[in-house]
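Input: a single structure, listed below in structure tokens.
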2 protein chains.
Amino acid sequence: MKQISTRFSMAVHILSLISVNPNVTGDFIAGSVNTNPVVIRRIMGMLKKVGLVDVRPGVGGASLLKPPEEITLLDVYRAVNVIEQNQLFRVHEDPNVKCLVGRNIESVLQSELKEAQAAMEQRLAQTTLSQLTSRFN
Amino acid sequence: MKQISTRFSMAVHILSLISVNPNVTGDFIAGSVNTNPVVIRRIMGMLKKVGLVDVRPGVGGASLLKPPEEITLLDVYRAVNVIEQNQLFRVHEDPNVKCLVGRNIESVLQSELKEAQAAMEQRLAQTTLSQLTSRFN
DNA sequence: TTATGTTATAACTGTTATAGTTACAACAAG
DNA sequence: CTTGTTGTAACTATAACAGTTATAACATAA
């Protein structure tokens, strides 16, 4: 069973740490996430690319470029490219167009799957980073 | 980017075909889906296991064990084990419990991800096989 | 200027699920 | 007993992932 990459959960972890302490280094984050620093840097690079964080090369540390109340789980999910638009479900390719079902299944099914994916993503959009960190204790 | 397996879309294709014509053989289905017959038989085995279809060994063909109005996309999705309960998102393991974030992230995030997955699955539950086949033309 | 501690990135590895394939056994009916 | 099915094991190639090593680039303090 394939699952959505841990890049997403790690990215949320990273942003939570930066939110709580803007001075944490990649190595410290790696220690908290419990993985290799390169894995953290790769994800930080993606967060930087979409303008969620500013990273300080050389000196170390990073800061959020948006208030945590305005960063949603959907923003993070999109940032780390775990799932592209309308591609949560993979649909088999080239069904036989000579068959009634083969010629219709793709478009009919895709529209339903698109709705299902949208429902999931809209739920992610309802949760902000600050809501998460406020529940830490 | 990992996606949900085509087993799901193939299973919907298979059930649609059986619904339209209960006498189709696995080889015919394979021709419509455009894949190897063994792939079809494997999925048929899963559909049979959960009681969605009855397959006729030797003679060939299959039939639905529930009316197509009562088979939802969620039923099919569950049948083919593409995603287990509460496991759409993989979460990184063993974060550092000595860190405030590391010790809280897992439970706080999991509850949100669970909600997101549920939203997606509830949307799948709203669509029936008969709704799909009625849109074929 | 140099040493130190960072970030950035390329390249490689082992793991895993997938989708397809070949081969063959089991089965039902003419 | 022949034919056309279904059932299943075993193997393959592919692709994404997560981790690793190595090295370059960078910023600051001594």
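When heavy atoms are screened at a 4.0 angstrom cut-off, Arg42(B) is found touching base atoms of the nucleic acid.
When atom types are taken as modelled, the side chain of Thr6(B) and the backbone of Arg90(A) share no donor-acceptor pair closer than 3.5 angstrom. Judged by distance alone, with hydrogens and angles left aside, the side-chain atoms of Ser16(B) form a donor-acceptor pair with the main-chain N or O of Val12(B) at under 3.5 Å.
Under the side-chain contact (heavy atoms from CB on, under 4.5 Å) criterion, Arg123(A) pairs with Gln126(A), Thr127(A), Glu112(B), Glu115(B), Ala116(B), Ala119(B), sequence neighbours left out.
The phosphate of dA18(D) has OP1 or OP2 within less than 4.0 Å of a side-chain N or O from Ser5(A). Between Thr35(A) and dA18(D) there is no side-chain polar atom (N or O) within less than 4.0 angstrom of OP1 or OP2.
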Listed pairs, N/O of protein and of nucleotides 5-7 of chain C, under 3.5 Å:
residue, atom, partner, partner atom, Å
dG5(C), N2, Gly58(A), O, 3.1
dT7(C), OP1, Gly26(A), N, 3.0
dT7(C), OP1, Gly61(A), N, 3.3
dT7(C), OP2, Gly26(A), N, 3.2

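Following chains of ILVMFWY side-chain contacts shorter than 4.5 Å, one can reach Met1(B) starting from Val91(B), so the two form part of one hydrophobic cluster. Cluster membership check: Val50(B) shares its hydrophobic cluster with Ile18(B), using side-chain heavy-atom separations under 4.5 Å among Ile, Leu, Val, Met, Phe, Trp and Tyr.
To the nearest angstrom, P of dG19(D) lies 11 Å from CG of Asp94(B). Taking atom CG of Asn23(B) as the reference point, atom C1' of dG4(D) lies 15 Å away to the nearest angstrom. Straight-line distance from the CG atom of Asn36(B) to the P atom of dG7(D): 15 Å, rounded to whole Å. Look at CD on Gln87(B): it is 11 Å from P on dA17(C), rounded to the nearest Å. In this structure, Arg7(A) places its CZ atom 12 Å from P of dG19(D), rounding to the nearest Å. If you take NZ of Lys2(A) and P of dC17(D), they are 9 Å apart, rounded to a whole angstrom. Summarising the geometry, the separation between CZ on Arg90(B) and C1' on dC17(D) is reported as 8 Å, rounded to the nearest angstrom. Atom P of nucleotide dC17(D) and atom CZ of Phe8(A) are separated by 14 Å, given to the nearest angstrom.
Residue Arg103(B) holds its CZ atom at 9.5 Å from OG of Ser32(A), rounded to the nearest 0.5 Å. Distance CD1/Ile4(B) to CD1/Ile83(A): 7.0 Å, rounded to 0.5 Å.
Nearest nucleotide to the side chain of Val39(A), out of dA9(D), dA19(C), dA18(D): dA18(D).
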